[in-house]
Amino acid sequence: MYKAVPAQIDLPAMEHQILHLWDRESVFERSVTQAQGRPLWTFYEGPPTANGTPGAHHVEARVFKDIFPRYRTMKGYFVPRQAGWDCHGLPVELAVERELGFSGKQDIEEYGIAEFNAKCRESVLRHVDEFTAMSERMGFWVDTDTAYWTMNPDYIESVWWSLKTIFDRGLLVQDHRVAPYCPRCGTGLSDHELAQGYETVVDPSVYVQFPVASGPLAEKYPGVSLLVWTTTPWTLVANTAVAVKPDATYAVVRSDGHQFIVAEELIAHVFGEADVEILERLPGTELERTGYHRPFDLVDIPDAHFVILADYVTTDDGTGLVHQAPAFGADDLQTCRAYGLPVVNPIAANGHFDDSIPLVGGQFFKKADETLTHDLKTRGLLFRRDPYEHSYPHCWRCHTPLMYYAQPSWYVKTTAKKDELLEQNEATNWYPPTIKWGRYGDWLTNNVDWALSRNRYWGTPLPIWRCPDDHLTAVGSLAELSKLAGSDVSSLDPHRPFVDEVTISCPTCGQQAGRVPEVIDCWYDSGAMPFAALGYPHRNEDAFHERYPADFICEAIDQTRGWFYSLMAIGTLVFDQSSYKNVVCLGHILDEDGRKMSKHLGNVLEPIPLMDDHGADAVRWFMLASGSPWQARRVGHAAIADVVRRTLLTYWNTVSFQSLYARTAQWQPSDGAPDLHTRPLIDQWLISEAHRLARDVDDALENFDTQRGGRILAAFVDDLSNWYVRRSRRRFWDGDPAALATLHEALRIVTLCMAPYTPFITERVWQDLFRPTDDTAPDSVHLASWPTSDPLIINDDLGEQMALVRRVVELGRAARASSSVRTRQPLSRALVSAPGWSELPDQLVAEVAEELNVRSVDPLGEEAGLVDVSVKPNFRELGSRFGKATPGIARAISEADPTTLVDTIRSRGQATVMVDSAEVEVLPADVIIAESPREGWAVASDSEDSVAIDLHIDEDLRRAGLAREIVRSIQETRKGAGLDITDRINVSWTSADPDIAAVFDVHGSEISGEVLAISLVSVHQADGFLVTTDLPVEIRLQRA
RNA sequence: GGGCCUAUAGCUCAGCUCGGUUAGAGCGCUUCCCUGAUAAGGAAGAGGUCGAUGGUUCAAGUCCAUCUAGGCCCA
């Protein structure tokens, strides 16, 4: 027997019960272990940074990381799901710094690196628990027991091995470059970190006059100035040169009594409405070597301050003259080096101007903008100053504006492998596909070397040792290090500061070598997880080769330059093959107003409260099926509550309905049921649709399309509830085994198909309906296989016929609604005109009659003279045959007499119309024929179908309507009295109205049957429940 | 400045791959119906220049180009 399934359900409470069930019966573990030995389907879990608390966007990614492994497991694959935690990196350090109230690296060093790193480790452990709790609550099945931690020594050793491999290939090098640098964190940032942190800010943009000091122009135009534009006034202190575009035209102009040199194209941009007189035009090349007075004379920069040529200068913005500070710009450095100019950097590593510098000494670089601008103004050198809104890179975690800063750094030469990377990308399936050549491909095409090193503490130490003669030794494991060090360090914590204390003798020269001070970018850690998670190559060699590359990874779109890149880059560099084949790339989650969720705005949706409000299933369904996963989506309580109402509760109601009537009838699935072919057509239809469902959802998930699968599932649930159950209710009341068996099977299939989407409610249903009634059923829906779809059972013709039935019913309902006759009132007949109607089986015609409450439904065509015929051209057909002539022929068809045209086409199979005095043949397919009845009918039509209902009510019909009204009133009273649907009753009635007496006389047994009355007598009763009705009758009922 | 995405009803979104003459759904609103799934269900109504312009075509929400606005990413 089924378990009793209440109509009302508290979804979140039910989910907590299911969580206990899974835990008690180790369902997840069994779902994995029972699949061992089956074909492998590999999923890599991208490790969340164990820093801070999880948000709604984490839920999004995890829903997708869950559904496909569940689906593949049901499809017979072995899908190991190893969790992982990204432990290292700046975010963790920053959180700890905040906790300890530190303001920079100096504080950390005073505190002690060992102690600081111990705090970092603690912090990681704390946050991991929150992620684990969230994952469990949402039903994300991932194995946390075997989780990889990027801070574990095994993991670090694997990372070392890969770095040594890259080093040995000559692709890991140290270089001095201008790179983005966070002065607060005291470290450079890689390009993909840079990508995380662009913020729109308003900076002062200043136009500064640099008086010309030497060269021909100085003599010709005394007092003329170069007009230079910059958005980083602080770099003016280090001004070394001014660059111009060699092939651009520059102009000497006079405005307001002053003379300036500026790019001709930009005169209007610079001077606006002001009067400008052009004194001379000259190419950029002629400005070369023109000397000028620099704006600030604060630091010593010898042999500098003249105009140089550079191709990268543009005349799109500013003045066409670009200020050069080689310490603070990659382009600047390259250009100035070519002219042999010195590189002077007045700013210390902490981002503050050197104390010894006048005016700005000790100031933070950004803060100096104000001081310097003010000073320029006082000295009359500031031509103009505008606020300038642009996006400027900020540190992705601490939000400090970055400086481009010349610094030594270690690089992975990814540019040397660019072609291979592009090749690997070519072989990767992106969902959505546009990412491949769009966002990600574009990024790869513009690839720059990976700035790998960080001058920080809590990270994987760069495993390179250097001797006094600069011989470099890369070390691939602790065992290797032991050998080189001449002492056993195999149980050493490979983190700083311990590893820093290990010295080796240089294999080249024998001198003592120490480790370089840097740690590495934590994106490298996570990108190394395909092998490092298994400790490869030091351990698990077979497992690694089996599981590489992954069949599937999934993250949000912000990872294109993050994890998606680091995985592919490391895979390509180390194994010559990317580490994933399919990648699902999700859009961001926005708040209800379409804004990004952020702590600043206070619009962050906390995942656990959200799931405790609506249920994890609802949140999951929303993420998977509501809107397009690739697109940024708005999420809010209203949208999720809608999912519950529309999909989950409809499904649940159907289950509850089935349970109620199966239990009432003492029916169980093992009782057997009539052969499908002998069941009513609607049963055959439902089973056919269920098999179609299994096929189509399978296909959608095979193609990573959860949205399509969700749409199909939702449509099926709607069919199930609002058509099959609605139409078949009476059979359930009667305990018809065919109906019960049909709905049982349909529910089984839809439950299995929905299980990967909404694992909780489907598990509840499995436990209530399927597990108790089938000894062979697995203990959990998640231990079951995907339902097989039998192509022989899928009946397309029946599907189309049922679609027609539903279309006609809809029109019929509309027709009835347009009249003032209630649906409860039976009517004599409806007439239908629709293509395919005449072939419709009687059973389906009967469905229409019952649904519309009419005694017969007939084809409209039989009623000659009753109908108006209209003919419309079928453009699709005409267009393909007649092309340009289509409009004329269409007009001719519309203007022809429809009755004659249709008669001719029907009798002869074709007709002719006159177009420009030529005859054109019209075939049946060229026209759309619609028929509708004339006066006296309620009619509704759409393009091709129409339904007409005879509104004439005779005595018979009227009394049948009264009987229905009496039945309805009694049912209402039964319900109000709290009777069970199976309770039998005694009914008594009295009425002075002969009409009412006649109703009871003719319809008495029908009424009794409907309301489960064992007696129906005409006597006056004083007790019992009084039935409320507008009819002139007093009815009372009592429980029998 | 570059790349990508988006623009359809008051709101949230389908439809566009593959062009066809009445552009759909849900929510919300109004009216009505049904009621043995009932704190459900159904029907009707109001609500659309399918972002703009130009082009291709017999025919454009759909294809092409340009533009505008918003978003994401990069310079």
Side-chain angles (χ1 to χ4, degrees), chain A residues 7-8 191-192 194-196 198 314 316-317 390-393 432 434-443 445-446 556-558 560-561 587-588 590 592 594-596 626-628 630-636 638-639 641-643 645-647 649-650 652-661 664 707-708 711 714-715 718 721-722 725-726 729-730 732-733 809-818 820-824 851 853 872-880 882-890 928 940-943 964 967-968 970-972 974-975 979-982 1010-1012:
Chain A
Q8 307 297 325
D191 254 53
H192 37 278
L194 192 67
Q196 320 280 314
Y198 272 80
T314 70
D316 299 328
D317 210 345
H390 62 150
S391 67
Y392 188 84
T434 49
I435 307 278
K436 180 178 189 162
W437 290 116
R439 185 175 288 225
Y440 188 75
D442 183 50
W443 154 259
T445 310
N446 298 311
I557 194 162
D558 55 347
T560 35
R561 291 139 210 253
H588 279 125
L590 308 173
E592 273 169 307
R595 295 172 306 177
K596 219 170 161 174
S626 231
S628 171
W630 328 127
Q631 250 163 262
R633 285 180 293 170
R634 302 178 181 199
V635 60
D642 199 45
V643 168
R645 205 185 50 72
R646 259 170 64 202
T647 308
L649 288 186
T650 308
W652 182 259
N653 280 337
T654 310
V655 170
S656 167
F657 179 91
Q658 167 79 349
S659 164
L660 176 63
Y661 290 104
T664 304
Q707 185 193 19
R708 196 174 98 227
R711 257 209 310 273
D718 191 64
S721 166
N722 291 326
V725 170
R726 177 191 169 81
R729 272 189 285 214
R730 195 159 295 267
F732 286 88
W733 306 340
V809 163
E810 243 176 68
L811 285 173
R813 283 201 281 244
R816 288 205 69 137
S818 70
S820 54
V821 182
R822 301 184 140 193
T823 314
R824 207 181 299 144
E851 186 65 21
N853 199 14
K872 291 197 299 181
N874 181 354
F875 280 93
R876 188 189 288 269
E877 197 63 32
L878 293 172
S880 65
F882 298 109
K884 272 193 198 210
T886 305
I889 295 165
I928 296 167
S941 356
D942 64 13
S943 59
R964 284 279 287 253
V967 168
R968 193 193 63 84
I970 294 175
Q971 301 289 32
E972 194 97 320
R974 281 188 59 123
K975 197 170 75 190
L979 268 61
D980 193 81
I981 56 152
T982 55
E1010 287 286 305
V1011 303
L1012 299 184

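Atom set for the values below is all heavy atoms of this structure, side chains included, hydrogens, waters and symmetry mates excluded. Here the structure is a predicted model, which means the values were calculated and not measured. The chains referred to below are lettered A, B, ... by the order of the sequence lines, with proteins before strands, and numbering in each begins at 1.
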Exercise for the section: Starting from the 5' end of RNA chain B, give me the residue, A/Y661 or A/S880, whose nearest nucleotide shows up first. Expected result: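 Looking at RNA chain B, the more 5' nearest nucleotide goes with A/S880.
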Problem - Whichever of A/N874 and A/T650 has its nearest RNA chain B nucleotide further upstream toward 5' - result: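 That would be A/N874.
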With rounding to the closest Å, how many angstrom separate the [atom1] atoms on [N] and [M]?
N: B/G55; M: B/A46; atom1: C1'; answer: 37 Å
N: B/G70; M: B/C32; atom1: P; answer: 45 Å
N: B/C63; M: B/G41; atom1: C1'; answer: 42 Å
N: B/G47; M: B/A25; atom1: C1'; answer: 15 Å
N: B/A14; M: B/U56; atom1: C1'; answer: 27 Å
N: B/G28; M: B/U12; atom1: P; answer: 15 Å
N: B/G19; M: B/G61; atom1: C1'; answer: 10 Å
N: B/C11; M: B/A75; atom1: C1'; answer: 37 Å

Looking at [options], which one has an atom nearest to any side-chain atom of [X]?
X: A/F875; options: B/G20, B/G41, B/G15; answer: B/G20
X: A/N653; options: B/G41, B/G15, B/A40; answer: B/A40
X: A/Q707; options: B/C58, B/G36, B/A14; answer: B/A14
X: A/R876; options: B/G36, B/A14, B/G20; answer: B/G20
X: A/R729; options: B/G36, B/C58, B/A14; answer: B/G36
X: A/K872; options: B/G20, B/G42, B/U22; answer: B/U22

To the nearest Å, give me how far apart [atom1] ([X]) and [atom2] ([N]) are.
X: A/I889; N: B/A59; atom1: CD1; atom2: C1'; answer: 14 Å
X: A/I435; N: B/G71; atom1: CD1; atom2: P; answer: 19 Å
X: A/N722; N: B/A43; atom1: CG; atom2: P; answer: 9 Å
X: A/E1010; N: B/G36; atom1: CD; atom2: C1'; answer: 9 Å
X: A/F882; N: B/C58; atom1: CZ; atom2: P; answer: 15 Å
X: A/Y440; N: B/C5; atom1: OH; atom2: P; answer: 18 Å
X: A/K436; N: B/C73; atom1: NZ; atom2: P; answer: 24 Å
X: A/L878; N: B/G20; atom1: CG; atom2: C1'; answer: 10 Å

Looking at [X] and [Y], what are the two nearest heavy atoms and their distance?
X: A/L878; Y: A/P873; result: CD1-CB, 3.6 Å
X: A/A714; Y: A/T647; result: CB-OG1, 4.4 Å
X: A/E1010; Y: A/V967; result: CB-CG1, 3.8 Å

Inter-residue atom distance [X].[atom1] - [Y].[atom2], 0.5 Å rounding:
X: A/K884; Y: A/I889; atom1: NZ; atom2: CD1; value: 14.0 Å
X: A/T654; Y: A/N722; atom1: OG1; atom2: CG; value: 8.0 Å
X: A/I970; Y: A/L1012; atom1: CD1; atom2: CG; value: 11.0 Å

Practice task
Return one dot-bracket line describing RNA chain B 5' to 3' (Watson-Crick or G-U wobble pairs, both distances under 3.5 Å; ( ) same strand, [ ] crossing, | another strand, . none).
Solution key: (((((((..((((......[...)))).(((((.......))))).....(((((..]....)))))))))))).
Practice task
For the pair A/E851 (side chain) and A/R726 (backbone), establish whether a donor and an acceptor sit closer than 3.5 Å, ignoring hydrogens and angles.
Solution key: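 No, the answer is negative, given that no donor and acceptor are paired below the 3.5 Å cut-off.
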Handout entry: Main-chain N/O of A/V655 paired with A/S659 side-chain donor or acceptor, under 3.5 Å
Key =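 No, the answer is negative, given that no donor and acceptor are paired below the 3.5 Å cut-off.
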Practice task
List for me each residue that meets salt bridge (Lys or Arg N to Asp or Glu O under 4.0 Å) alongside A/E877, sequence neighbours excluded, and say none if there are none.
Solution key: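 In terms of salt bridge (Lys or Arg N to Asp or Glu O under 4.0 Å), with neighbours along the sequence ignored, A/E877 is linked to no residue.
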Practice task
Output all residues satisfying salt bridge (Lys or Arg N to Asp or Glu O under 4.0 Å) with A/R876, sequence neighbours left out; order by chain, then residue number.
Solution key: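 Applying salt bridge (Lys or Arg N to Asp or Glu O under 4.0 Å) to A/R876 gives none.
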Practice task
State, with a plain yes or no, whether a side-chain heavy atom of A/R964 is found less than 4.5 Å away from one of A/R968.
Solution key: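 When only atoms from C-beta onward are counted, A/R968 and A/R964 do not touch, as no gap falls below 4.5 Å.
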Give [X] one of three labels, base, sugar-phosphate or nothing, depending on what nucleic acid heavy atoms sit under 4.0 Å from its own.
X: A/E877; answer: nothing
X: A/R974; answer: nothing
X: A/L1012; answer: base

Look for any protein N or O under 3.5 Å of an N or O in nucleotides 55-57 of chain B and output each such pair with its distance, or none.
none

Problem - Contacts of A/F657 that satisfy ring pair (Phe, Tyr, Trp, His ring centres under 6.0 Å) - sequence neighbours left out - result: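 Once residues adjacent in sequence are excluded, the partners of A/F657 under the ring pair (Phe, Tyr, Trp, His ring centres under 6.0 Å) criterion are A/Y661, A/F732.
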Atom pairs under 3.5 Å, N or O on each side, protein against nucleotides 24-27 of chain B: can you list them with distances?
from, atom 1, to, atom 2, distance (Å)
B/G26, O2', A/D642, OD2, 3.3
B/G26, O2', A/R646, NH1, 3.1
B/C27, OP1, A/R645, NH2, 2.9

